[in-house]
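Values in this document were obtained by computation on a predicted structure and should not be read as measured data.
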Amino acid sequence: MPHIVDALPDMAIPARGADFPDPQIVVLNEPLAAELGLDSTWLRSTDGIAWLTGASGGHAMAYAGHQFSQFVPVLGDGRALLLPNPDPANERYEFQAKGSGPTPFSRPGSDGRGAIGPMLREYLVSEFMHAVGIPTTRSLAVLNTGETVLRQQGHVPGGIVVRVARSHLRVGSVQYAAMRSHELVRDVVAAAGFEDPEDLLSTVMQRQLDLVAQWMSIGFVHGVMNTDNTALSGETIDYGPCAFTEKFRGDAVFSSIDRGGRYAFGNQPNIMAWNLARLTEALLPVSNEDALREVLAEVEPTWESAWAKHIPDPDALAAAEDITAYNHEHRDGPVFIPRNQMLERAITAAEQEGTVEPYLELLGAVTDPYNDKAGPAWMAEPQGDIPFVSFCGT
């Protein structure tokens, strides 16, 4: 099993995925599979699909979190399972099936399933982020479950994305442990790879503030920066309602659930600082308050350093008509990004018509984003700063 399960048995509950009628792979990341030592032929087999969907078992992890500033003491994986590692000798990565069905942490009324559209979005955007060098979870596969699920848009095909991460521990994991025992907090700190809480806070602060600066350099809007979606590893995690702003506009909001604009494009640095303050509070039981405050006092200079590193000439970038075009011209940035309307059209074709060709064409372009021959020229053209709403699929 993944190391997190062995290290934190009090936060891991055995569970298995739902019995789906006809799960089928829609897209498989064969290069990533090869990199991880996984046989693509096996992944496409009956046993492989059972592993990908969680039908052969897994664990749901407990965590807490501030969701839109409101603290929820028990969240946990309500529609996801950490999967057993196919190669127990390789514990560098964890695998998680998202949308695999209900777990002991599922909320009342939740079906534990995922809709195919947000799963396809997570796969494509996370692989784009990897291609441009931004720390991120990866996507191994998207599967159609053979069911339909009821969401905002009506009945849509059910889907699972299988995520690969260095760790699924979050700020919310520390928050959950802090409510239970000092020893459990120490266990989470150790499971995250740190010897002391001050080192964890300092490292996570550097990782996350640098990550947010990288997001903003390409116009990425995460959309749901809750503490349970803030990974201790510094990887971007949970792409449910994410989107891209084509203009460097601080008030850009796309998520349907962010009605107050808490997680707007320009608010992301302050929100991350707020999340780091919540992490500090959770670490207090096992640390010295003055020592933690000393670390937290470095938030502003750390952010200023990250901003200077990743955002050259902010005034020029703010005045640019298109962030991507500006970056390509002045910073050797990517030609292709997952522009909102293009990605939505490709997902809609796959979701409503069963046509994956437009999606695969866009995927090919954004996973080779510096190659202007990786996709048709129109995919590189700005679409304009037009209204767009994204849905997380829950």
Tyr63/Thr227 under side-chain hydrogen bond (donor to acceptor under 3.5 Å, both in side chains): CA gap, chis, key distance, verdict: CA-CA 10 Å; Tyr63 48 84; Thr227 58; over 6 Å; no
Near-ring test Phe265/Trp215, centroid separation under 6.0 angstrom: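 So the answer is no for these two rings.
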Output field: ring centroids Tyr263/Phe68 closer than 6.0 Å: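 Centroid distance Tyr263-Phe68: below 6.0 Å, so yes.
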Whether Phe95 and Trp51 hold their rings parallel, tilted or perpendicular, with breakpoints at 30° and 60°: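 Correct class here is perpendicular.
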Side chain to side chain donor-acceptor pair (under 3.5 Å) contacts in which one or both residues fall within residues 356-368, not counting sequence neighbours: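 Qualifying pairs: Asp368-Asn371.
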Trp42 six-ring centre to Arg44 NZ/CZ under 6.0 Å and within 45° of normal: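 Cation-pi check for Arg44 and Trp42: fails.
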Charged tip of Arg180 within 45° of Tyr176 ring normal and under 6.0 Å: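 Yes, Arg180 and Tyr176 form such a contact.
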Contacts of Glu294 that satisfy salt bridge (Lys or Arg N to Asp or Glu O under 4.0 Å) - sequence neighbours left out: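 With sequence neighbours excluded, Glu294 shows a salt bridge (Lys or Arg N to Asp or Glu O under 4.0 Å) to no residue whatsoever.
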Results of salt bridge (Lys or Arg N to Asp or Glu O under 4.0 Å) for Arg262 - residues two or more places apart only: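 Per chain and number, Arg262 pairs via salt bridge (Lys or Arg N to Asp or Glu O under 4.0 Å) with no residue.
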Straight-line distance of Ile323 CD1 to Met216 CE, nearest 0.5 Å: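 Nearest 0.5 Å value for the CD1-CE distance: 8.5 Å.
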Neighbour count above 12 (heavy atom, 6.0 Å) for Glu35 CD: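 Yes - once you tally the heavy atoms of other residues, nucleotides and ligands closer than 6.0 Å, there are more than 12.
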Salt bridge flag under 4.0 Å for residues Glu94 and Arg163: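 No, no charged N to carboxylate O under 4.0 Å.
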